[in-house]
Structure formats: structure tokens, C-alpha cells
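Proteins get letters first, then strands, A, B, ... in listed order; numbering begins at 1 in each.
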2 protein chains.
Amino acid sequence: MVTIYDVAREAGVNHTTVSHAFSGKRPVAEATRERIFEAARKLGYQANAAARSLASRSTRIVGLAAPLDLPMRALAEGSFSRFIMSIGDRLNDHGYKMLCLVSPDPDTSDLVSIVRGGHVDGMLLLQVRTDDPRIAAMQTEGIPFVAIGRPREASGVVRVDADFEHAAEMAVEHLARLGHRQISLLSAFSAGQPVFGFQYHAIAGFRKAHKALGLHYNSSQILQHGDHAGLAEVLEPLLAPRPASTAIIATTDIEAATALRTLSAKGIRVPDDISLVALADTRLTDLSNPPITAMRFSPDDMSRAAVDLLVAMLAGHRPRRMEHLVPVEFIERESTKPPNTAGDQITSRISTKA
Amino acid sequence: MVTIYDVAREAGVNHTTVSHAFSGKRPVAEATRERIFEAARKLGYQANAAARSLASRSTRIVGLAAPLDLPMRALAEGSFSRFIMSIGDRLNDHGYKMLCLVSPDPDTSDLVSIVRGGHVDGMLLLQVRTDDPRIAAMQTEGIPFVAIGRPREASGVVRVDADFEHAAEMAVEHLARLGHRQISLLSAFSAGQPVFGFQYHAIAGFRKAHKALGLHYNSSQILQHGDHAGLAEVLEPLLAPRPASTAIIATTDIEAATALRTLSAKGIRVPDDISLVALADTRLTDLSNPPITAMRFSPDDMSRAAVDLLVAMLAGHRPRRMEHLVPVEFIERESTKPPNTAGDQITSRISTKA
DNA sequence: CTGAAAGCGCTTACAG
DNA sequence: CTGAAAGCGCTTACAG
């Protein structure tokens with residue numbers, strides 16, 4: 001291993017000067033600097049990370065907490081790799097490295113020990129749940145962090161999320177515009193309620209749009225399911241000759257693909273018999289048969305926002321806003337069309353806000 | 001921040017004893033140990049990672065090099081998150097943390113600087129290419145590493161891979177058994193050749209099975225494509241009323257889904273008009289319409305093997321074998337059936353090795 | 001513009 | 001079984 005002393009000797013200076021030549025925290029004569037860089041290049045010098053962070057009390061490493069327990073795997077696996085890629089990429093741009101903490105459960109002790117051990121300067125919490133113990137844990141530790149997803153108790157939490165409420169609204173509006181009156185929302189529940197913030201927001205947008213459009217809303221339109229088998233079960237009523245709903249909105253890509261699969265297996269055609277919209281856009285929705293009309297949010301944009309916020313916080317800045325919502329884009333594909341038995345049009349009453 | 005000295009003071013011992021109580025590298029009286037642990041628990045002590053690794057010259061961190069440039073994204077995104085999850089999980093079991101190095105290009109300089117900076121004890125190379133500069137770089141640095149995927153120059157390289165050759169063989173055998181005589185293999189090429197080892201192995205298995213079964217093989221059966229548009233183009237000949245091939249084997253899940261989509265868009269039915277097999281099994285193949293007959297390899301098994309090998313190497317053991325192939329499992333679904341115009345059966349000549 | 005010194009919080013021989 | 005000391009490779013006041 002080549003140390004700062006080796007470089008100093010090679011360049012004929014004190015190791016202090018080598019340190020300053022690299023950090024730029026003190027002026028170094030041009031000629032000296034060049035000799036130092038040349039020596040460093042020649043010897044293949046790279047400052048030791050441990051020594052550097054011990055002395056400077058900063059690691060230039062950000063932790064990414066990715067809880068990959070069952071609900072997560074089942075719901076949002078598709079966008080997971082996008083987030084990792086984008087976050088790692090953006091962190092790189094800022095000169096930070098990424099310590100990936102995948103835990104099979106939403107346990108908090110690993111996280112805490114990593115923070116206390118001084119492994120990271122800041123933390124990014126991926127796929128934050130409505131009730132997420134990681135939030136309180138990070139606040140207690142007093143480490144800068146940014147949440148991706150919105151917890152119920154969001155006060156004091158810098159957070160980034162996609163605008164799922166608007167996504168659900170747009171989905172309902174699109175379907176209503178096509179003439180659908182009976183729309184169902186497919187949503188995964190655990191112990192009687194949603195787990196992730198985006199599920200709550202999707203339901204809120206769904207209801208809000210119904211109200212705005214003067215459509216009848218009944219809680220039975222929320223198709224709660226617990227797992228894959230449950231999803232098929234909850235779809236049963238839609239398999240009838242004259243189903244209660246003529247359109248389904250799936251909260252995630254996986255639910256959309258699973259619904260499509262389940263319907264097809266039963267001989268129900270999409271979109272001829274029933275329309276389908278997904279509130280996420282991944283390979284699972286754009287490469288499916290038929291391609292699924294979807295709401296696209298960009299994991300890239302979300303990651304970039306989250307990383308930039310965190311890096312600014314690490315630099316001592318206070319974010320001007322606590323909540324950052326990235327917009328959602330409507331992508332019309334082939335899984336939606338007017339219902340078989342179209343009722344009267346209400347197109348005129350549909351809002352056209354972007 | 002609470003240090004080892006705080007704990008020592010609280011427990012009334014020298015900090016050396018605290019260190020040994022935790023490391024177990026020296027006997028510590030039971031009563032003393034208990035006092036130390038109690039003090040540590042009370043103060044919330046966690047040894048500082050930087051100080052520890054500076055003194056011990058080991059980080060207990062493994063780097064995961066995931067090159068996410070274009071060929072990678074386009075081909076194998078589906079299994080990517082599975083690898084990250086499984087690797088992180090298994091590393092956790094061994095008490096190691098994971099530094100994720102996602103790079104948008106297969107560049108080697110980031111990797112080298114991380115190794116030289118002493119960030120990691122060992123390295124895991126994900127999605128190794130046939131010609132992969134990372135291999136030589138790691139060998140030059142002299143850091144223990146395990147490759148996931150097989151480079152052409154594999155001498156001295158500890159590597160883990162799925163048995164893609166066998167996967168392709170089984171795919172051909174399955175199709176031949178159904179009566180197919182003209183089978184195509186969809187394979188992504190870059191600058192006239194495959195990029196990843198698994199592509200070469202798939203082609204090798206494809207040819208080997210043809211030979212073993214006495215089927216005619218012609219290089220035009222390898223449908224080379226460069227990108228998504230290219231994939232549609234290369235499928236053209238199969239859209240004819242009497243296509244040259246009655247079955248397609250796709251090397252990856254994304255290629256399979258894209259092919260299915262392209263064929264469906266042209267009104268070609270799978271499996272009625274053409275059969276389709278994928279050499280990977282992900283959400284994209286099991287949730288598609290129809291579900292795609294696939295060869296399943298387990299990212300979990302591969303990750304576990306790779307991590308266990310690396311951890312053993314870090315503990316000073318030499319692996320007894322350099323190459324570890326995980327088996328591939330045949331999953332029959334609904335995308336394959338006998339060809340429309342079945343020729344004479346050659347079932348009897350088909351080998352039945354598992 | 002540069003150097004000599006102290007210190008970051010641990011581990012690990014060295015002693016007893 | 002325990003302690004006192006040295007040292008890991010840096011950064012950063014302190015001096016000049």
C-alpha cells in the first residue's frame with residue numbers, strides 16, 4: 001500500500017503539503033503541486049479511506065436503506081433496480097459512494113448500528129412506509145436523511161415522492177372520459193390497511209376524482225388483496241358476464257401484470273371486456289400484451305431530487321421545502337377503451353388540468 | 001459520539017479490555033465482560049468503523065461492481081434487483097456490508113480507486129462480460145474477488161455462473177420433442193459479437209443440442225440484433241405466412257417479452273403460430289400473456305455461492321474449484337406447443353439427461 | 001507558501 | 001486475566 005508519506009518523499013515535501021495539494025484547502029505552489037501529482041500518479045496513490053474519515057470525521061459515503069421484505073418484493077420490485085442505479089449514479093456525480101443496506105425486514109437495528117459506527121455521513125430511506133420505524137430511528141440518531149416516499153408523520157422529514165394522488169386522478173379521468181362509470185382500484189392491504197404511502201395517496205386521488213367528476217364512489221370499489229392468490233380472488237366479481245366494474249386501476253406494475261394475467265386466464269379480454277390502467281410504468285407494463293396504459297413517474301427524477309437534497313444538507317444547507325413531489329405522466333397504450341355498454345358521456349364535466 | 005474510552009471509564013477498565021471483550025481475541029473475566037457489555041449497551045456504543053479498519057487493516061465491507069451501461073440495462077435488468085438483494089442479504093449473514101458501485105459504463109478507474117483507497121476487503125463483479133477489463137484490474141490490484149459470469153480468459157478467476165449451455169440445450173430438446181425442426185435463437189450482438197458469457201454459452205448449447213439431436217444447424221438461425229428496433233427487424237422473416245422457423249429461443253427475459261410483444265402486434269399468435277422459450281425466468285416471463293416457458297436459474301443460489309466463496313477467500317481459504325455452475329430448471333408454461341405443420345417425430349432420438 | 005505536531009478511535013503486540 | 005504503549009494513515013490547527 002502506498003501512503004501519503006511515500007508521495008511526500010517522492011516529491012520531496014512534507015506529507016502535510018501532499019494533503020493540501022489534494023484537498024485544496026491551502027494554497028500550494030504550482031510547481032510543488034505538479035511534482036506531488038506526478039509522484040502520486042507514478043506511485044498510484046489513493047488516500048486511505050479509513051484514515052481520511054477518522055481524521056476528517058466524514059466518510060463521503062451515503063447509506064441506502066432498502067427494506068426488501070415481502071410487501072416490498074411483491075409490490076415494487078420492478079422499480080427497485082432503477083432507484084439503485086439512479087441513486088448510485090447521482091451520488092457518484094457528487095463524489096459520494098453508496099453503502100447498500102438491504103434488509104429482509106424493516107428492522108431498524110442494523111441501520112442504527114451503521115449510523116453509530118460512523119459508516120455514513122447521511123442516509124437515504126427507500127420505499128418509506130406510512131408507519132416506518134426508520135424515520136424515528138434516524139431522527140433519534142440525528143443523522144441527515146431524506147425519505148423516498150411519505151410517512152404519515154412527516155413533520156421535520158425531508159421527503160421525495162411521486163404524485164400518486166394526481167396519478168390516480170388522471171387514471172380515473174381518463175377512464176371516465178372513455179365512458180366508464182364503474183371503476184375499481186386494486187390495492188394491496190396488510191392487516192386491513194395499506195402499507196405504503198403511495199397506496200394511501202392512490203386511494204385519495206381515486207376518491208377525489210370520483211367526487212370531482214360526480215361519479216358515485218363506494219368503498220367496495222377498492223379491491224383489497226393480501227397476496228397473489230388474494231388478487232385472483234378479489235378479481236372474481238369482475239369475471240361475471242356483467243361485471244360490477246368495467247375498468248380496473250392497479251396501484252403497481254406487478255399488480256397490473258398479475259391482473260392482466262388473471263383476467264386473460266379466465267378468458268376476459270383487455271381492453272375489450274375490461275379496461276386496465278397501471279399507476280406505474282415499467283417493463284412489466286410496456287412489454288405486456290396488450291401494453292398497459294400507465295402513469296409514468298421517473299425513478300431517475302426522484303433519485304436525483306433525493307440525492308441532491310441530501311448532499312446539500314450534508315454541505316450544511318437547509319432545504320427550502322420539506323416535500324418534493326415529482327410529476328406523473330400519462331401514457332396511453334392499448335389496455336383502455338370505452339366500455340362495452342357505454343353509458344352517457346360525461347366528458348364535458350371532466351376537468352382538464354395537467 | 002461515544003467512544004471506547006467512554007465505555008472503559010463507565011465499566012472501570014482499560015479501553016484495551018473493552019476491545020478484547022468485543023473481539024473475543026483475548027479472555028476476559030466473565031464479570032468484567034458483563035460490566036463492559038452493560039456499559040456499552042447503556043451508552044449505545046458502536047465501534048467507529050474508520051478507526052477500527054485503520055487499526056485492523058480490514059473493513060468488513062465487500063464491493064459490488066454493477067456496470068449498468070446500455071447492454072446491461074437492455075438485457076438483464078430483470079434479474080439485477082434479485083442479485084443485489086440476495087448478495088446484500090448473504091453478506092449480512094457473514095457480518096459484511098455492501099458497497100454498491102453502479103457505474104454507467106464498464107469503466108475500471110472508479111473500481112481501482114476504491115480498492116486502492118482501502119474501501120473494501122474484497123470485490124464481487126456482477127454481470128461479467130466475455131472481455132471484461134475489471135478482471136485484469138482486480139488481478140493487478142491483488143484484491144480477492146469473485147466473478148459472477150464467465151470471462152473468456154478465466155484462468156485464475158474464481159467464478160460463479162448459471163449453466164446457460166445446458167439451458168439452451170434443454171430448450172432445444174423441449175422444442176424438438178414437440179416436433180419443431182426449425183428453431184431460432186434470439187441473441188443480442190454488439191459490434192458483430194455477443195457481449196456476455198451467457199450469450200456465448202447459450203449459442204454453444206444451442207448448437208450442441210442440434211448436433212446431438214441430428215437437427216440441421218445453420219448460423220442464420222442465430223437471430224442477431226443490436227437494440228429493440230433491431231429485434232423487431234430480425235423477427236421479420238418469422239412473420240411470413242410460412243416462416244423459416246416455428247420456434248424462438250430468447251436468451252433473456254427482456255428479449256422474450258419484446259419478441260412476444262412484437263409478434264402479437266403483428267398478429268402472430270404464441271404458441272399457435274410460433275413457440276417461444278426464454279433462457280431466464282422473471283416477472284416478465286411468468287406474468288406475461290401467455291406465460292412463457294422458461295429456464296429458471298436462481299439468482300439467490302448464485303449470489304450465495306459467490307458470497308460464500310469470497311468470504312472464505314477473505315478468511316484465507318483457497319477455493320477448491322475455480323468455476324461454480326448453478327443448475328438451470330425447466331419450467332413449462334403456455335408459450336410452447338407442437339408446430340402447426342408438425343414434421344415426423346424425432347422424440348426417440350432425444351436424450352433425456354436432466 | 002510550507003513544516004512539525006497533535007489527534008482522530010480503534011487494534012495489537014509487549015509486559016506483567 | 002488486565003494494562004500501558006505504539007501505531008494504523010490521514011487532516012488540521014499552530015507556527016513561521
Query - Contact pattern, 5' to 3', of nucleotides 9-16 of chain C - B, S or - by protein heavy atom under 4.0 Å - result: BBBBBB--

**Report entry** Evaluation steps, salt bridge (Lys or Arg N to Asp or Glu O under 4.0 Å), between B/Asp308 and B/Arg90
**Finding:** CA-CA 8 Å; B/Asp308 290 355; B/Arg90 189 60 177 167; 2.8 Å; yes

Query - Separation between SG of A/Cys100 and CG of B/Leu101, rounded to the nearest 0.5 Å - result: 9.5 Å

Query raised in the report: Sub-3.5 Å donor-acceptor pair from the side chain of A/Arg152 to the main-chain atoms of A/Asp131, do we have one?
Result: no

Query - C/dA15 - base-pair partner by Watson-Crick or wobble geometry, distances under 3.5 Å - result: D/dT2

Query raised in the report: Looking at the rings of A/Tyr45 and A/Phe37, which for Trp means the six-membered one, are their centres under 6.0 Å apart?
Result: no

**Report entry** Distance (rounded to the nearest 0.5 Å) between A/Thr59 OG1 and B/His119 NE2
**Finding:** 8.5 Å

